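Below is one structure, written out as structure tokens; comments come after it.
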Protein chains: 2
Amino acid sequence: MIDHTSLLNSGAILKKYKRGEFLFQEGSIARYYYQVHQGEIKMNNYNQEGKEYIQGIFTKEKSFGEPPLFADFKYPANAEAIVDSEVWQLPKEKFLKFLEENPHIHHKFTSTLALRLYYKAIMVSEISTQEPEHRILRILDYFKKNSEPGITESKIYKVELTRQQLADLTGLRVETVIRSIKKLEQKGELFIKDRKVYR
Amino acid sequence: MIDHTSLLNSGAILKKYKRGEFLFQEGSIARYYYQVHQGEIKMNNYNQEGKEYIQGIFTKEKSFGEPPLFADFKYPANAEAIVDSEVWQLPKEKFLKFLEENPHIHHKFTSTLALRLYYKAIMVSEISTQEPEHRILRILDYFKKNSEPGITESKIYKVELTRQQLADLTGLRVETVIRSIKKLEQKGELFIKDRKVYR
DNA sequence: CCTACTTTATGATCAGAATCATAAAACTAT
DNA sequence: ATAGTTTTATGATTCTGATCATAAAGTAGG
């Protein structure tokens with residue numbers, strides 16, 4: 001989102017996180033702008049029984065957790081490293097100052113927020129009204145679309161998500177995801193090779 | 001969101017919609033900025049079987065449907081008048097020009113988007129991991145908080161939503177909402193008087 | 001006032017996803 | 001190579017919210 005030179009010039013530092021480590025917790029105050037340098041970060045919630053919901057997964061160069069920097073509220077979810085990762089960290093004030101000085105980048109963040117809202121609107125409606133197979137296809141298509149810019153429908157996409165992650169993204173249980181994927185394969189909506197899903 | 005004088009100066013017009021009328025449909029291209037002047041507008045989705053999901057309800061002076069004006073995508077939901085309403089309509093180009101000339105207002109829209117993202121993040125997590133009673137309390141608290149700025153927890157809030165609307169906001173069925181509300185009353189989380197819910 | 005419709009309500013039944021149990025295959029770390 | 005963990009897999013059972021049926025109370029329009 002922000003190039004490395006600008007990050008360094010603005011005073012960002014690169015921090016390392018081990019797989020499973022938290023960058024911040026649900027309910028805490030937002031103090032930094034974050035951008036993935038290496039690895040994978042997920043934002044998630046756990047309910048009382050420990051069931052997880054994954055709000056989003058962020059990879060190389062993607063920023064996350066900015067919304068509370070723009071309005072006055074606490075983090076609605078945790079940020080947790082999926083694998084060992086390196087993440088740029090820029091203090092809130094410096095981030096906001098940088099945006100003021102770079103209206104073009106500010107615009108990019110506004111449209112990123114808009115796009116994320118679009119995705120959330122779709123997912124919340126899917127989860128509340130559609131059956132498992134439909135939900136799973138939506139998530140797969142979303143990840144496919146975001147995998148490489150301008151990927152065509154005809155091109156085959158290899159899903160790198162585990163069944164458990166798909167479950168946590170769609171609000172389903174892992175067994176339900178496994179069974180639904182099997183049914184989707186029978187229907188020809190996707191295929192499985194060496195346990196990996198392709199769509 | 002934008003004051004009436006500015007709206008008029010920028011070239012906005014006031015349009016009337018009858019209860020049940022659509023302002024735009026899911027999948028169509030965004031051409032206007034909308035702001036409620038009188039009445040109530042909901043954004044919603046219908047699935048194949050006609051089951052509705054309400055993304056949000058917008059009242060006096062609230063804007064809606066801006067995200068696709070900031071990024072390149074189609075409406076993820078419909079906009080439908082809940083009651084007879086009057087809505088300001090400003091062409092996209094004029095809206096974006098107005099924002100450019102008024103960075104302060106632009107900032108307000110960015111934080112509105114951030115806040116809406118916050119609400120969606122909470123709802124999608126609630127819907128996918130929490131049971132009916134929990135979901136309903138969340139929605140009630142959200143509407144309570146937005147009913148008047150700075151409402152305290154101790155103050156009693158009268159819920160103007162119907163059971164059906166609560167169902168469509170939480171992804172539940174109307175019978176489930178009715179039964180859950182009864183249980184919540186027994187637990188002392190809210191009370192019912194003349195069929196109206198108070199929290 | 002009368003008729004339509006909407007909203008709230010309640011009981012009975014059903015269905016589908018969650019849960020529980022178990023296990024094999026595939027990685028990971030030592 | 002070995003032990004431990006994660007991932008995928010499948011069958012049996014349970015349970016909760018959806019569905020179906022029905023009705024009374026409330027509201028709106030002519």
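Just so it is clear, the model here is predicted, and its values are computed rather than measured. Labels below follow one simple rule: chain letters A, B, ... track the order of the sequence lines, proteins then strands, and each chain is numbered from 1.
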CG of B:L161 versus C1' of C:dT8: gap in Å, rounded? 15 Å

Between D:dT8 atom P and A:E160 atom CD, what is the distance in whole Å? 11 Å

Report, as a single string ordered 5' to 3', how protein heavy atoms within less than 4.0 Å touch nucleotides 15-30 of chain D: B base, S sugar-phosphate only, - not at all. --SSBB----SS----

Pairing partner (Watson-Crick or G-U wobble, both distances under 3.5 angstrom) of D:dA12: C:dT19

A:I82 CD1 to D:dT7 P: how many Å, rounded? 11 Å

Please check if any side-chain donor atom of B:E100 sits under 3.5 Å from a side-chain acceptor atom of B:H106, or the reverse. no

Grab the CZ-C1' distance between B:R163 and C:dT10 for me, whole Å please. 14 Å

Compare all side-chain heavy atoms of A:Q35 with those of A:Q89 and state whether any distance is below 4.5 angstrom. no

Rounded distance (Å) that lies between atom C1' of C:dA18 and atom CD1 of A:I127: 16 Å

Euclidean distance, atom NZ of residue B:K196 to atom C1' of C:dA9 [Å, nearest integer]: 15 Å

Which label fits C:dA18, syn or anti, where anti is any glycosidic angle not within 90° of 0? anti

For the NZ atom on B:K144, are there more than 12 heavy atoms of other groups (residues, nucleotides or ligands in this structure) within a distance under 6.0 Å? yes

Less than 4.0 Å between a side-chain N and a carboxylate O, is that true for B:R116 and B:E66? yes

Would you say the ring centers of A:Y34 and A:F24 fall short of 6.0 Å from each other? yes

Comparing B:I181 and B:R19 on DNA chain C - which has the more 5′ nearest nucleotide: B:R19

Just wondering, do B:I181 and B:R163 contact through their side chains at under 4.5 Å, heavy atoms? yes

Figure out the CG/C1' separation between B:D168 and C:dT6, and round it to whole Å. 14 Å

Determine the interplanar angle of the A:H37 and A:W88 rings, folded into 0 to 90°, and report it as parallel if under 30°, tilted if 30 to 60°, perpendicular if over 60°. perpendicular

Rounded to whole Å, how long is the line connecting atom CD1 of B:I178 with atom C1' of C:dT7? 8 Å

Phosphate contact (D:dT10 OP1 or OP2) by A:K182 side-chain N/O below 4.0 Å: yes

